[in-house]
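Contents: one structure, followed by commentary.
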There are 2 protein chains.
Amino acid sequence: MNTLAEENYLKAIYKLSLAAGNVSTNQIAAELATKASSVTDMVRKLAEKALVNYTRYQGVSLTKAGEKVALNIIRRHRLWEYFLVEKLHFKWDEVHDMAEEMEHISLTELIDRLDAFMGHPTRDPHGDPIPDCDGNFKVSELKPVSSVEVNTAGVISGVRDHSASFLQYLERQQLTIGKHIIIKEVISYDNAVILEMENTQIQISRDVANNLLIAL
Amino acid sequence: MNTLAEENYLKAIYKLSLAAGNVSTNQIAAELATKASSVTDMVRKLAEKALVNYTRYQGVSLTKAGEKVALNIIRRHRLWEYFLVEKLHFKWDEVHDMAEEMEHISLTELIDRLDAFMGHPTRDPHGDPIPDCDGNFKVSELKPVSSVEVNTAGVISGVRDHSASFLQYLERQQLTIGKHIIIKEVISYDNAVILEMENTQIQISRDVANNLLIAL
DNA sequence: TTGTATTTTTAGACAAGTCTAAAAAAATAA
DNA sequence: TTATTTTTTTAGACTTGTCTAAAAATACAA
Ligand SMILES: [Mn+2]
Ligand SMILES: [Mn+2]
Ligand SMILES: [Mn+2]
Ligand SMILES: [Mn+2]
């Protein structure tokens with residue numbers, strides 16, 4: 001089917017596409033920690049396989065077929081992350097790198113059984129939606145804490161930054177998925193945000209507020 | 001650590017070593033469905049890494065280090081097979097090829113947790129022992145049905161042939177791991193064996209009797 | 001609009017792993 | 001022992017995915 005390298009490129013292009021429309025060579029190179037010249041080569045190959053649209057100097061976008069492949073890789077990634085946390089009891093900051101390896105095991109029957117074994121979860125440990133086998137998933141209406149009005153109440157439902165250090169910070173503050181919070185105040189000096197959670201007040205920086213997502 | 005190709009060579013050499021002492025280039029080529037010239041190249045590389053002993057034209061054997069790597073791959077393979085059968089409810093003839101892919105995920109912590117999750121199983125779905133993380137396992141005293149005296153009683157505990165067709169045949173005859181049988185008669189004409197299992201008589205060919213292992 | 005900086009592509013090379021064809025060594029037979 | 005067959009190694013080539021250095025295209029600024 002597709003090689004490991006091809007899969008990693010498709011996933012990177014998908015991820016970058018969410019922000020911008022067409023994705024540039026340099027963006028992909030940065031995302032995969034590789035060189036622009038390598039990206040040009042690979043993007044050509046993906047275009048041959050009709051997985052991306054590419055005209056030179058214009059950047060790339062995924063075709064329908066390419067998007068389907070990318071969503072399948074993401075499905076596998078998130079299902080394995082769920083497995084690692086729920087069944088093997090890893091912490092949410094430990095699973096990404098492992099899932100990065102496991103996502104390339106692509107036997108459909110295996111993934112479907114894994115999905116069933118865990119009861120068809122809809123979100124991974126970081127709150128991200130798990131696409132079904134056709135690549136469908138609910139787009140969630142999550143907002144960064146930094147973007148809502150004072151006195152808004154919500155439920156912590158996702159993160160924008162998936163780094164281990166950010167996740168560990170949230171864990172230490174008990175700011176984990178499912179917690180109910182109320183935005184109490186925004187300090188005008190540095191845009192720090194004061195939250196109330198379980199009747200205690202917690203102050204978080206602007207940066208943290210930007211990367212913490214809530215459902216209203 | 002070691003590449004996927006290196007791991008597959010080490011596993012093949014380990015397997016072939018169980019039968020013979022030194023393993024020949026052609027044997028490895030046959031086992032991996034590759035060419036002798038490719039084997040020579042790879043074996044050189046493994047010798048550089050001190051994973052095999054090699055002098056040209058003399059065949060190879062694993063070093064202590066190489067054997068440890070091989071046993072670790074086998075551990076991973078068998079643990080995943082156990083997982084696929086016990087947790088995802090695949091049949092014993094369906095799991096080998098999947099495990100062949102999964103065995104290369106090598107994060108020690110993951111494998112140890114998987115092991116714990118399943119309650120530290122000692123045998124895989126085909127009756128083969130699962131080495132611990134140091135490569136230790138009990139050598140089992142299993143005998144082919146064809147090698148024991150008439151009137152011997154035993155428990156089906158393993159197979160020599162791991163092919164899907166053989167496993168499916170056994171499944172259809174209900175000759176599965178754990179079943180108690182008694183060897184009743186050996187037909188002198190064709191060496192077919194008549195067994196008694198759960199008060200019924202079953203006849204199996206010489207070939208099947210050779211590949212079905214029992215514990216006495 | 002013309003010149004400079006940035007981005008992207010091309011050209012050429014390299015490592016890993018494989019192959020075919022030919023040479024060398026070892027095993028077997030006459 | 002000499003000749004023939006088989007096994008193993010060498011030589012050279014190819015593919016995938018990567019890199020550096022240089023050229024070409026595009027974007028931006030004066
Ligand atoms: Mn992840
Ligand atoms: Mn995730
Ligand atoms: Mn197996
Ligand atoms: Mn097995």
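Note on naming: letters A, B, ... go to the chains in the order of the sequence lines (proteins, then strands), and numbering restarts at 1 for each one.
Judged by closest nucleotide on DNA chain D, A/T34 is the one of A/T34 and A/Q58 placed further toward the 5' end.
Under 4.0 angstrom from either OP1 or OP2 of D/dT8 there lies no side-chain N or O belonging to B/Y54. Contact annotation: B/T40 does not reach the phosphate of D/dT8 (side-chain N/O to OP1 or OP2, under 4.0 Å).
Salt bridge annotation for B/D112-B/R75: present, with a cationic side-chain nitrogen under 4.0 angstrom from a carboxylate oxygen. Ion pair B/R160/B/D207 not flagged as a salt bridge, since none of the NZ, NE, NH1 or NH2 atoms sits closer than 4.0 Å to an Asp/Glu carboxylate oxygen. A salt bridge between A/E67 and A/K64 is present, with a side-chain N of the basic residue lying under 4.0 Å from a carboxylate O of the acidic one. A salt bridge does not link A/K11 with A/E31: every distance from a Lys NZ or Arg NE/NH1/NH2 to an Asp or Glu carboxylate oxygen is 4.0 Å or more.
If you measure from atom CE of B/M1 to atom P of C/dA16, you get 15 Å, rounded to the nearest angstrom. Across the protein-nucleic acid pair, A/L4 atom CG and D/dT15 atom P stand 21 Å apart, rounded to whole Å. With rounding to whole Å, A/E7 atom CD is found 15 Å from D/dT16 atom C1'. A/E48 places its CD atom 14 Å from the C1' atom of D/dT15, with the value rounded to the nearest Å. Atom OH of B/Y57 is separated from atom C1' of C/dA24 by 5 Å (rounded to the nearest Å). Atom NZ in B/K35 sits about 17 Å away from atom C1' in D/dT15, given to the nearest Å. Atom-to-atom, CE of B/M42 to C1' of D/dT8 comes out at 17 Å; the value is rounded to the nearest Å. Computed from coordinates, the A/D41 CG to C/dC14 C1' distance equals 14 Å when rounded to whole Å.
Within a 6.0 Å radius of NZ in B/K15, no more than 12 heavy atoms belonging to other residues, nucleotides or ligands are found. Shown here is B/K143, whose NZ atom has no more than 12 heavy atoms of other residues, nucleotides or ligands within 6.0 Å.
Remark: A/E109 engages A/R113 in a side chain to side chain donor-acceptor pair (under 3.5 Å) (not counting sequence neighbours).
Taking a 4.0 Å limit (strictly below) on heavy-atom distances, residues 20-28 of chain A does not reach DNA chain D anywhere.
Contact annotation: side chain of A/S37 to base of C/dT8, donor-acceptor pair absent below 3.5 Å.
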